[in-house]
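Just so it is clear, the values below take in all heavy atoms, side chains as well, and ignore hydrogens, waters and symmetry mates. Per chain, numbering begins at 1; letters A, B, ... match sequence-line order.
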Number of protein chains: 2
Amino acid sequence: MQNDVQNSTQPLTRKQREIREREQFILDIGQSILHKHGYNYLTMDKIAESAEYSKGTIYNHFASKEDLVCSLGCCSISNLIDVFERAYHYKGSTRERYSAIGIGYSLYHQLHPMDSQIIQTIKNNAVREKISEPKLAEMEALEFKIAQIAQSIVQQGLDSGDLDKKHQDHVSTIVFGCWSMHYGALLLDQSNIPLQELGFSPVVNMLWQNSNLYLDGYQWQPLSTTTDSKKLFKQISSALFEDELKMLKKK
Amino acid sequence: MQNDVQNSTQPLTRKQREIREREQFILDIGQSILHKHGYNYLTMDKIAESAEYSKGTIYNHFASKEDLVCSLGCCSISNLIDVFERAYHYKGSTRERYSAIGIGYSLYHQLHPMDSQIIQTIKNNAVREKISEPKLAEMEALEFKIAQIAQSIVQQGLDSGDLDKKHQDHVSTIVFGCWSMHYGALLLDQSNIPLQELGFSPVVNMLWQNSNLYLDGYQWQPLSTTTDSKKLFKQISSALFEDELKMLKKK
DNA sequence: GACATTTTTTGACGTTTCGTCATATTATAT
DNA sequence: ATATAATATGACGAAACGTCAAAAAATGTC
């Protein structure tokens, strides 16, 4: 696996920088094939051809096709961490900041549906089995980090009194609730199930309403029933995710 | 595709019955391979060998490997419909009956994790693309049916006054909320993510608590805060899913 | 700068699996 | 008993993965 430098803190040699750059280059090509032609068209041969390297070289960077796709998934999670961190630093109540995470997640999903598909793919056990141990560890580290951000906002909700102390043992349950709700909703959205025909209205709206009522269930102040939640959605998204909104409108 | 009889209402000829039986036989073999050796080991050749038919014959029944797996998914959804119908007929408040659906879903997932993986797999776009039109339609019909059961309980909640009339336009949103929360939670559970290490406690408990608080958010009476919800969980699951519980304990 | 050694790249090759189709076999109709 | 239609078969071609011996490039030594 070429030269593994992930955990070293020494400065990178020229060689190592080159390897990293090429790795990114290959990943970019993978992503571009994915965007242009979809997952089924992505093969190691096509990547090699498009990158103008031999297949063996690609395999020097990624132990398997699944590892490569997992690396793409890691990029997506890193992007999401960026989104979460923006939400974390939003100037507002703890509940608003927590909601901001959800909004960011929804927007990211709408903007990069292929990323969601990648994440869905690597979460599938049959695929996961083929991912190498270190690559999985890399992804888990990122997932840990992203979960931490959410948990710390909940904790601050408790500390500030916005969220009643009786829920102090439920921090991870609250995070898990929102995570699973969002994850499930966006997967359902993404999977071409004709939700409209089943009688469902647009997904992001439903998700926003549902997650609000869910947090109301925990009595996290201020309740959505005492706020103009439509206005809040617009406020948060334009304050934090202006670029993303612009790009969405372009579509 | 052999003789397609799905929609005809005429009685089946002997021939057609034989074909149906063999189709089920093949599916059983597929399922058994899946259980014994996992998804990656499942190939059309293995199925053919194990069923003692030639590959061509298997392909006379299923247009592709994905179609076969989708058929297995349809079986799972049918089983779930059975579970949902039991919940529907539970003697209890509308809210309890709706909760019973969630409990049944959780139990089914714990009892048949491979089924959940199948469903996850066929929801993945890359796989879905390869499923034939009629097979997809078959699955969508089942999904419609299962969504109907949930929606009708919510509707009855509205009619009975357990659920406030102000939510009468949100029937599908409520169903979608629970669906996505459960779907997401169980996928996360199933996908080997080390949730414990991330700081999460066992999934089904969290899910039960979260879905209760979510429905509390909608003020669906009686609220979980006014009930012993732990007791209710036991009550419902032993009343409706005794067999399943027994099998779970055996594991 | 010439030569030796190590590292990296290459692409032909083996393997697996999917899905097809001409041929063989079986069932049905006359 | 024979002709015709339906079905089953498995050898085959194609696509993709991943490997590895040999070639090429980079690095080190004198």
Side-chain angles (χ1 to χ4, degrees), chain A residues 1-5 12-23 25-26 29-30 33-34 37-72 121-122 126-133 135, chain B residues 1-5 12-23 25-26 29-30 33-34 37-72 121-122 126-133 135:
Chain A
M1 192 86 315
Q2 213 86 334
N3 248 330
D4 231 318
V5 268
L12 306 178
T13 65
R14 175 177 61 76
K15 201 81 219 195
Q16 290 171 325
R17 275 200 318 274
E18 277 174 16
I19 288 169
R20 283 229 169 157
E21 266 165 42
R22 187 167 55 189
E23 194 150 310
F25 177 66
I26 295 170
I29 286 187
I33 293 179
L34 231 39
H37 303 102
Y39 189 84
N40 287 318
Y41 192 81
L42 184 78
T43 71
M44 294 305 256
D45 289 88
K46 300 244 176 64
I47 291 172
E49 195 195 325
S50 185
E52 296 184 87
Y53 284 102
S54 76
K55 202 158 39 146
T57 301
I58 309 295
Y59 274 94
N60 276 344
H61 286 274
F62 303 97
S64 67
K65 183 185 171 178
E66 284 74 19
D67 262 41
L68 191 149
V69 174
C70 185
S71 299
L72 288 174
T121 301
I122 56 186
V127 176
R128 196 164 249 261
E129 275 175 15
K130 299 186 187 166
I131 303 175
S132 70
E133 207 38 74
K135 192 52 83 178
Chain B
M1 195 83 317
Q2 215 83 331
N3 249 331
D4 231 316
V5 269
L12 304 179
T13 65
R14 175 177 60 79
K15 202 82 220 198
Q16 289 170 325
R17 277 201 315 276
E18 278 174 17
I19 288 170
R20 283 231 171 158
E21 266 167 41
R22 187 168 56 191
E23 194 151 311
F25 177 65
I26 296 170
I29 287 189
I33 293 180
L34 231 38
H37 303 102
Y39 188 85
N40 288 318
Y41 191 80
L42 184 78
T43 71
M44 295 304 255
D45 289 86
K46 301 244 175 63
I47 291 173
E49 194 194 327
S50 184
E52 296 184 86
Y53 285 103
S54 76
K55 198 157 45 147
T57 301
I58 309 293
Y59 274 94
N60 277 342
H61 287 274
F62 303 97
S64 66
K65 181 185 172 179
E66 285 74 20
D67 262 42
L68 191 149
V69 175
C70 185
S71 299
L72 288 174
T121 301
I122 56 186
V127 175
R128 197 164 248 259
E129 275 174 17
K130 298 185 187 168
I131 302 175
S132 70
E133 208 35 76
K135 191 52 81 180

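Counting to the nearest Å, the P atom of C:dT16 and the NZ atom of A:K130 are 14 Å from each other. As a whole-Å value, the separation of A:D45 CG from C:dC13 P is 15 Å. Taking atom CG on A:N40 and atom P on C:dC18, their separation rounds to 14 Å, with Å as the unit. Here C:dT9 presents its P atom at 7 Å from CD1 of A:I19, a figure rounded to the nearest Å. The separation between A:I58 atom CD1 and D:dA16 atom C1' is 15 Å, rounded to whole Å. The separation between A:N60 atom CG and D:dA25 atom P is 16 Å, rounded to whole Å. Whole-Å rounding puts the A:K46 NZ to D:dA15 P distance at 9 Å. B:E18 places its CD atom 16 Å from the P atom of D:dA6, with the value rounded to the nearest Å.
An OP1 or OP2 oxygen of C:dT9 is reached within less than 4.0 angstrom by a side-chain nitrogen or oxygen of A:R22.
The line from CG of A:D67 to CG of A:L72 is 11.0 Å long, rounded to the nearest 0.5 Å. In this structure, A:I131 CD1 and A:S71 OG are separated by 9.0 Å, a value rounded to the nearest 0.5 Å.
Listed nucleotides C:dT9, C:dT20, D:dG18 differ in distance to A:E66; the shortest reach to its side chain belongs to D:dG18. Distance from the side chain of A:T43 is smallest to D:dC17 among D:dC17, C:dG19, D:dT9.
When every heavy atom of A:I29 is checked against every heavy atom of A:A51, the shortest pair comes out as CD1-CA, 3.3 Å. Residues A:A48 and A:S54 approach most closely at CB-C, 4.0 Å, considering heavy atoms.
Near DNA chain C, meaning a heavy atom under 4.0 Å from it, residues 49-56 of chain A has A:Y53, A:S54, A:G56 in order of number.
Where the helix from C:dG1-D:dC30 to C:dT30-D:dA1 starts and where it ends, the local axes point in directions that differ by 10°; five pairs per end, rounded to 10°.
Side chains of A:L68 and A:I47 form a contact here, defined as non-hydrogen atoms less than 4.5 Å apart. In this structure, B:N60 and B:I19 have side chains that are not in contact, with every pair of non-hydrogen atoms separated by 4.5 Å or more. No side-chain heavy atom of B:E66 sits less than 4.5 Å from a side-chain heavy atom of B:I122.
In this structure a side-chain-to-backbone donor-acceptor pair under 3.5 Å is present from B:K65 to B:L42.
Residues meeting the side-chain hydrogen bond (donor to acceptor under 3.5 Å, both in side chains) test with A:E49, sequence neighbours left out: none.
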